[in-house]
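The structure under discussion appears below in the form of C-alpha cells.
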Amino acid sequence: MPFPFHIDILDLALKGVLIGIFASAPMGPVGVLCVQRTLNKGRWYGFVTGVGACVSDIIYALIAGLGMSFIMDLITQPHTRFVLQLFGSVMLMLFGLYCFKSNPTKKMHVSGNKKGTLIHNGVTAFLVTFSNPLILFLFVACFAQFAFVMPGHPLETGMGFLGIVLGALLWWFGLTWLIDKIRGRFTNDGILLINKIIGGVVVFFSILMLIGTLFNIYTFQY
C-alpha cells in the first residue's frame, strides 16, 4: 500500500516540529512563568501557560513566513540561498550563546498561588510572549536555514506550520511533566541549568549547520 503523504510534507512537518521546539525551549519570561505555575498551581496550569505562548509563537511564525514568501524569487537563487542559510546558522548560534549566558530569573514574572481560570492563565501567557516581537528574528533564522518557506505549496506549508504547533506543545507538555515529577527538588538553579543545556544544544547544532552550509554537505532542499 503506497504511503499516503508525499515525502516533502513529512520533511516540512519534521522541520516544523524542530522549529517549534527551538522557539519554545529557551527559559525566557514565559518559560519561567510556566515553571512557577506548574509548581504553585499544578501541571495543567503550567501547560496552559505554554499553550498561550504557543498561540503567540505561531502568529509570529506566520508573519515571518508571509514576509519571506515575498522574496522567494531571490531565495531560490543558489548564491542568495547560501547567504541566507549562512545568516540563519550564525543567528541561531548567537541565539544559543545568549540563551546559555542569560539569567531568566532576574526579570521573571512572579506567579502567585491564586489559581484563576485556565483561560486566564493562557491569555496572560499569550500577552507576555506576544509583547516580545524579537521572536520574529528567530523564526526568520530558522526558516532560512531549514528552507522552510514554500510558496505555491499550501498543503506542505500548512503541515509545516502544524509541525511548529506540535513541536511547541510537545515541549510544554514535556517540561510541565518533568517539573511536576521533580517539584520537591526544583529551584531557580534548575531553571538556569535548563537554559544552559538548551543554549548549548542550539549552539552545537548551529555549528553543524554552519559547517554543512560552508562545505555544502548539509543542505535542505525545497
Group every Ile, Leu, Val, Met, Phe, Trp and Tyr by side-chain heavy-atom contacts under 4.5 Å, then state whether [X] and [Y] land in the same group.
X: Phe126; Y: Leu118; result: no
X: Ile9; Y: Leu14; result: no
X: Phe173; Y: Val48; result: no

How many angstroms lie between [atom1] in [X] and [atom2] in [Y], if you round to the nearest 0.5 Å?
X: Thr49; Y: Leu175; atom1: OG1; atom2: CG; answer: 10.5 Å
X: Ile19; Y: Leu12; atom1: CD1; atom2: CG; answer: 8.0 Å
X: Thr176; Y: Lys181; atom1: OG1; atom2: NZ; answer: 11.0 Å
X: Leu10; Y: Glu156; atom1: CG; atom2: CD; answer: 10.5 Å
X: Ile182; Y: Trp177; atom1: CD1; atom2: CH2; answer: 9.5 Å

Looking only at non-hydrogen atoms, find the nearest pair between [X] and [Y] and report the distance.
X: Ala64; Y: Val140; result: CB-CG2, 4.1 Å
X: Ile135; Y: Ala23; result: CD1-O, 4.2 Å
X: Phe161; Y: Gly65; result: CZ-CA, 4.4 Å
X: Cys54; Y: Ala168; result: SG-CB, 3.8 Å
X: Ala61; Y: Phe143; result: O-CE1, 3.4 Å

Partner residues of [X] under the ring-ring contact (aromatic ring centres under 6.0 Å, His included) criterion, sequence neighbours left out:
X: Tyr45; value: none
X: Phe137; value: none
X: Trp44; value: Phe47

Treating [X] as the side-chain partner and [Y] as the backbone partner, does any N or O pair qualify as donor plus acceptor under 3.5 Å?
X: Arg37; Y: Asn121; value: yes
X: Ser56; Y: Phe130; value: yes
X: Ser24; Y: Ile21; value: no

**Prompt:** Going through the distances and angles, do Ile164 and Asp57 end up as a side chain to side chain contact (heavy atoms under 4.5 Å, CB included)?
**Reply:** CA-CA 9 Å; Ile164 293 177; Asp57 285 345; 5.8 Å; no
**Asked** Given side chains that start at C-beta, do those of Val51 and Trp172 come closer than 4.5 Å, heavy atoms only?
**Response**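 No; the side chains remain at least 4.5 Å from each other.
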**Request:** Take Leu39 and Gln36, measure what side chain to side chain contact (heavy atoms under 4.5 Å, CB included) needs, and give me the verdict at the end.
**Result:** CA-CA 5 Å; Leu39 293 174; Gln36 288 182 328; 5.9 Å; no
**Given Thr129, Leu127, Asn132, the one that forms side chain to side chain contact (heavy atoms under 4.5 Å, CB included) with Val30** =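 Only match with Val30 under side chain to side chain contact (heavy atoms under 4.5 Å, CB included): Thr129.
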